[in-house]
Each structure stands twice: as structure tokens, then as C-alpha cells.
*Asks:* 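One structure follows; several queries about it will come next.
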Number of protein chains: 2
Amino acid sequence: MEPKIEEKLLLKNIKPTPMRQLVYRMLTQEETALSLSELESKFDKVDKATLYRTLKTFEAHQLIHSIDDGSGSIRYALCDEDCTCRPEQLHLHFVCKICQKTYCLKEKPIPQPDLLDGFTYESANFIVKGVCPSCQK
Amino acid sequence: MEPKIEEKLLLKNIKPTPMRQLVYRMLTQEETALSLSELESKFDKVDKATLYRTLKTFEAHQLIHSIDDGSGSIRYALCDEDCTCRPEQLHLHFVCKICQKTYCLKEKPIPQPDLLDGFTYESANFIVKGVCPSCQK
DNA sequence: ATTTCTTTGCAACTCGGTTGCATCCCAAAT
DNA sequence: ATTTGGGATGCAACCGAGTTGCAAAGAAAT
Ligand SMILES: [Mn+2]
Ligand SMILES: [Mn+2]
Ligand SMILES: [Zn+2]
Ligand SMILES: [Zn+2]
């Protein structure tokens with residue numbers, strides 16, 4: 001399994017340093033999106049700036065995408081293998097009001113919005129808030 | 001026209017202090033949503049904390065609504081007279097990539113999202129990015 | 001007039017994000 | 001094998017939006 005991570009990074013033209021492999025593995029273990037500080041707290045000791053730059057690199061190479069979920073901090077989640085982050089590939093994100101977790105709803109594409117004359121569509125961010133399955137009682 | 005502003009505030013149960021009337025008038029003169037610091041810079045001299053608390057008061061009384069447009073700062077715009085900020089009344093917001101302005105598209109309601117089983121819908125934020133009419137060449 | 005509550009102004013603070021810079025690492029060139 | 005150059009890392013300092021504490025000013029109630 002070790003060599004796989006290295007390959008995933010190489011596939012997206014990211015030099016697979018130990019640090020990056022570590023961060024990548026951490027992200028694969030999450031079912032919801034993580035913020036910089038949440039990610040930071042999952043390590044015994046890690047430098048925030050390095051982590052920050054690692055995430056920026058991952059994002060620039062479309063290994064992860066960032067989600068502005070209105071929580072005040074940006075969260076990050078892995079992209080699909082074949083994702084190029086084009087407007088048509090964008091999906092919904094769901095924020096649970098109870099557990100505060102942010103879910104990627106990758107099978108729910110963002111609907112093309114019906115705009116007024118003169119407005120052109122280039123991208124969008126659709127955040128849905130409610131209660132997630134684990135928090136339903 | 002002066003007495004009108006006072007009435008608008010009273011209608012929403014906000015004590016119409018001079019400061020609040022000033023801020024309200026400023027907001028009525030804007031066609032796009034403003035952030036705290038943008039609003040601040042429209043006054044010769046105003047205290048940021050007072051302005052902040054004024055906006056919070058306005059928002060709590062549903063005179064204005066806040067828009068998290070992904071710019072890093074929250075923007076504010078007047079609500080419609082009869083707005084109660086219920087999920088069904090939410091509308092799209094448009095951010096122009098050129099002029100960075102944020103528009104309320106009040107006649108474009110947010111579509112009810114189709115969610116996976118177990119997720120409940122309570123509210124949403126739908127931000128569309130592109131080029132606005134004034135920036136089309 | 002006195003008390004009580006709200007609003008305002010100023011300064012200080014928090015926190016997420018970002019940057020400068022020295023050092024480390026590693027691979028290519030010599 | 002040694003040198004050298006560019007990217008990666010770690011640490012500290014910085015930034016800006018938002019927020020809070022607190023005292024002064026103002027308004028309303030008694
Ligand atoms: Mn996602
Ligand atoms: Mn609006
Ligand atoms: Zn939940
Ligand atoms: Zn524009």
C-alpha cells in the first residue's frame with residue numbers, strides 16, 4: 001500500500017516527499033473535509049506553514065479541492081481521480097448543524113443556475129446546511 | 001424622506017438612533033452588498049465596532065442579511081420589506097470576477113437541493129461566480 | 001434628580017491564513 | 001566524491017477580519 005500513495009502524488013505531478021505522503025494518507029482516512037487546523041491537530045507535531053503549503057500544492061495540482069463552507073475556515077477534501085475541478089464537475093457540499101462536519105456529495109452536481117441577462121456563469125459554490133445521517137436521532 | 005428611514009427601523013423593532021439611520025441610509029444607496037470594511041470606508045469617520053454591532057443588530061432583526069461570498073469577508077445587503085429569511089426565501093448571490101462586486105439576485109430563489117437519504121435540508125448558500133453585466137465588454 | 005439600561009467609542013485581542021527567511025534535503029553538474 | 005542549485009521544511013513574525021472588555025455618553029424609567 002505504501003507505493004500506491006507515492007504513485008497518486010506522481011500522477012498529479014507532485015513530488016512525493018515524506019511529509020506530503022503523510023498528509024495525503026491522513027486525508028484518505030477522512031470521510032469528511034478537514035480544515036488546516038483540524039488537520040494540524042491530527043498530527044503529534046507538524047508545522048502549520050508546511051501543512052498550509054502542502055495543501056496549497058495539492059490544490060494547485062487538483063489532488064484536493066477547497067470548500068468554503070461558511071464555518072470561517074476553509075476545508076479540504078480529496079478530488080476524484082479524474083477530477084479537473086471544472087465548473088461542470090462541481091458538486092454539492094453539506095454542513096451538519098449538529099456535528100459541524102462537512103460532507104462532499106460527489107454524486108450531487110451543482111445545478112447550472114438560471115441567471116439574469118448579462119451575467120455569465122463560470123463557477124459556483126453550493127453549500128447545504130442541515131442534519132447529517134449520523135446526527136439524526 | 002427623513003421620517004421614512006426612522007419608520008423602516010421601527011417596523012423591524014430597531015431603535016432608530018442617529019447612527020443606525022446613517023448606516024441604513026448608506027445601505028439603501030448601494031446596489032451591491034458591502035462588507036464591514038467597505039462600509040467603514042464610506043464614512044469619513046466611524047467606529048468599526050459600532051458599525052459591526054449595528055450590522056449585527058440589523059441582521060438579528062432581519063433588516064439586512066449576510067452573504068458569505070467566499071471573498072474572505074462577509075457582505076451585507078438590505079432584505080426585502082417582507083423578508084423573514086426563511087429557507088424558502090433565500091436567493092442566489094452573484095460575485096463578479098472582474099469588479100469583485102456581490103449582487104443579490106432576489107428574483108432567483110435557491111433551488112431545493114436533491115439530497116441523499118438521511119440528510120435533511122434546513123438552509124443553503126448558493127454563490128455563483130462569473131462576470132457581471134457592467135463588466136461585459 | 002436619581003437610577004437603570006442601552007448605545008457608542010476606543011483599544012485590545014483572537015484566530016485563520018500568509019509570508020520572510022534561514023536551513024535542510026536531494027538531485028544534477030562538475 | 002564534491003560542489004552547487006532549487007525546492008521543501010520549520011520557525012517566527014505578520015496580516016486582516018472579526019470580536020470583546022470596558023468606560024463614557026445618552027436615553028428612558030422611577
Ligand atoms: Mn467536495
Ligand atoms: Mn441577497
Ligand atoms: Zn452531523
Ligand atoms: Zn463586475
Side-chain angles (χ1 to χ4, degrees), chain A residues 5-6 8-10 12-27 33-61 63-77 95 100-102 125 127, chain B residues 5-6 9-10 12-26 33-61 63-77 95 100-102 125 127:
Chain A
I5 289 180
E6 204 172 326
K8 299 268 192 188
L9 297 181
L10 287 171
K12 300 270 187 170
N13 292 308
I14 300 166
K15 197 203 285 186
T17 68
M19 178 76 213
R20 287 170 179 171
Q21 295 186 41
L22 212 58
V23 173
Y24 180 83
R25 187 182 311 119
M26 198 61 91
L27 287 172
L34 290 186
S35 69
L36 173 59
S37 39
E38 285 168 345
L39 194 52
E40 191 184 1
S41 67
K42 295 209 169 274
F43 290 88
D44 279 346
K45 179 184 172 301
V46 76
D47 177 59
K48 188 176 51 143
T50 304
L51 207 44
Y52 169 76
R53 286 187 275 230
T54 299
L55 291 173
K56 285 294 182 188
T57 299
F58 283 5
E59 188 182 15
H61 289 75
L63 181 66
I64 63 176
H65 60 282
S66 63
I67 307 150
D68 190 338
D69 61 7
S71 66
S73 42
I74 308 292
R75 289 202 161 87
Y76 300 89
V95 180
Q100 315 292 341
K101 288 192 172 140
T102 295
N125 181 31
I127 302 292
Chain B
I5 289 181
E6 203 171 328
L9 297 180
L10 287 170
K12 300 270 186 168
N13 291 309
I14 300 166
K15 197 204 287 186
T17 68
M19 177 77 212
R20 287 169 179 171
Q21 295 187 41
L22 212 55
V23 173
Y24 179 84
R25 187 183 311 121
M26 197 62 89
L34 290 186
S35 69
L36 173 59
S37 39
E38 285 168 345
L39 194 52
E40 191 183 0
S41 67
K42 294 209 170 273
F43 291 88
D44 278 345
K45 180 183 171 301
V46 76
D47 177 59
K48 187 175 52 143
T50 303
L51 207 43
Y52 169 76
R53 286 187 275 232
T54 299
L55 291 173
K56 285 292 183 189
T57 299
F58 283 6
E59 187 182 15
H61 289 75
L63 181 65
I64 63 176
H65 60 283
S66 62
I67 307 151
D68 189 338
D69 61 8
S71 67
S73 42
I74 308 291
R75 289 202 161 87
Y76 300 88
V95 180
Q100 315 293 340
K101 288 193 171 139
T102 295
N125 183 29
I127 302 291

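Chain letters run A, B, ... following the sequence lines, proteins first, then strands; residues in each count from 1.
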*Asks:* Could you tell me the separation between the CG atom of A:Asp47 and the P atom of C:dG16, rounded to a whole number of Å?
*Replies:*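 About 16 Å, once rounded to whole Å.
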*Asks:* Is the phosphate of C:dG17, meaning OP1 or OP2, less than 4.0 Å from a side-chain N or O of A:Tyr52?
*Replies:*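 For A:Tyr52, the contact criterion (side-chain N or O under 4.0 Å from OP1 or OP2 of C:dG17) is not met.
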*Asks:* With a non-hydrogen cut-off below 4.0 angstrom, is B:Ser73 in contact with a base, only sugar-phosphate, or nothing?
*Replies:*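 The residue B:Ser73 makes sugar-phosphate contact but no base contact.
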*Asks:* Between A:Lys15 and B:Met19, just flag the one whose closest nucleotide in DNA chain C comes earlier from the 5' side.
*Replies:*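 In this pair, the answer is B:Met19.
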*Asks:* Between the base of D:dG7 and the side chain of A:Arg20, is there a donor and acceptor pair under 3.5 angstrom?
*Replies:*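 Answer no: no donor N or O sits under 3.5 Å from an acceptor.
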*Asks:* Compare all side-chain heavy atoms of A:Phe58 with those of A:Lys12 and state whether any distance is below 4.5 angstrom.
*Replies:*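 No, every pair of side-chain atoms sits at 4.5 Å or beyond.
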*Asks:* Between B:Leu9 and B:Leu63, does a side-chain contact (heavy atoms from CB on, under 4.5 Å) hold up when you go through it step by step?
*Replies:* CA-CA 8 Å; B:Leu9 297 180; B:Leu63 181 65; 3.4 Å; yes
*Asks:* Could you go through the side-chain contact (heavy atoms from CB on, under 4.5 Å) check for A:Tyr76 and A:Leu39 one step at a time?
*Replies:* CA-CA 9 Å; A:Tyr76 300 89; A:Leu39 194 52; over 6 Å; no
*Asks:* For A:Phe43 and D:dG10, give me the distance from atom CZ to atom P, rounded to whole Å.
*Replies:*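 Rounded to whole Å, this separation is 11 Å.
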*Asks:* Could you state the atom-to-atom distance from CZ of B:Arg75 to P of D:dA17 in whole Å?
*Replies:*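 It is 11 Å, rounded to the nearest whole Å.
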*Asks:* Rounded to whole angstroms, how far apart are CD on A:Gln21 and P on D:dA8?
*Replies:*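 Taking atom P of D:dA8 as the reference, CD of A:Gln21 is at 14 Å.
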*Asks:* Can you measure B:Lys56 atom NZ to C:dT8 atom P for me and round it to whole angstrom units?
*Replies:*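 Going from NZ in B:Lys56 over to P in C:dT8 covers 17 Å.
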*Asks:* In sequence, state the C-alpha distance, the side-chain angles, and the governing distance for B:Thr54 and B:Tyr24, and then conclude on side-chain contact (heavy atoms from CB on, under 4.5 Å).
*Replies:* CA-CA 9 Å; B:Thr54 299; B:Tyr24 179 84; over 6 Å; no
*Asks:* Examine C:dC10: is either OP1 or OP2 under 4.0 Å from a nitrogen or oxygen in the side chain of B:Lys45? Give yes or no.
*Replies:*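 Checking B:Lys45 against C:dC10: at least one side-chain N or O falls below 4.0 Å of OP1 or OP2.
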*Asks:* For the side chain of A:Lys48 and the base of C:dG17, is some donor closer than 3.5 Å to an acceptor across the two?
*Replies:*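 In this structure, the two groups form a donor-acceptor pair.
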*Asks:* On DNA chain D, check which nucleotide each of A:Pro18 and B:Ala49 is closest to and give me the residue with the more 5' one.
*Replies:*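 Taking each residue's closest nucleotide, the earlier one in sequence belongs to A:Pro18.
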*Asks:* Any idea which heavy atoms bring B:Glu59 and B:Ser66 closest together, and the distance?
*Replies:*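 Where B:Glu59 meets B:Ser66 most closely, the heavy atoms are OE2-OG, 2.7 Å.
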*Asks:* Rounded to whole angstroms, how far apart are CD1 on A:Ile67 and P on C:dG17?
*Replies:*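 One finds 13 Å between P of C:dG17 and CD1 of A:Ile67, rounded.
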*Asks:* In whole angstrom, what separates B:Leu51's CG from C:dT8's C1'?
*Replies:*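 Going from CG in B:Leu51 over to C1' in C:dT8 covers 12 Å.
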*Asks:* Select base, sugar-phosphate, or nothing to describe what A:Thr50 touches, counting heavy atoms under 4.0 Å on all strands.
*Replies:*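 Base contact.
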*Asks:* Please tell me which of the listed nucleotides, C:dG17, C:dT7, D:dG18, lies nearest to the side chain of B:Thr17?
*Replies:*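 Side chain of B:Thr17 sits closest to C:dT7.
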*Asks:* Do B:Arg53 and C:dG9 share a donor-acceptor pair, side chain to base, under 3.5 Å?
*Replies:*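 When only heavy-atom distances are counted, B:Arg53 does reach the base of C:dG9 through a donor-acceptor pair under 3.5 Å.
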*Asks:* What is the distance, rounded to the nearest whole Å, between atom CD of A:Glu40 and atom P of C:dT18?
*Replies:*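 From A:Glu40 CD to C:dT18 P: 14 Å.
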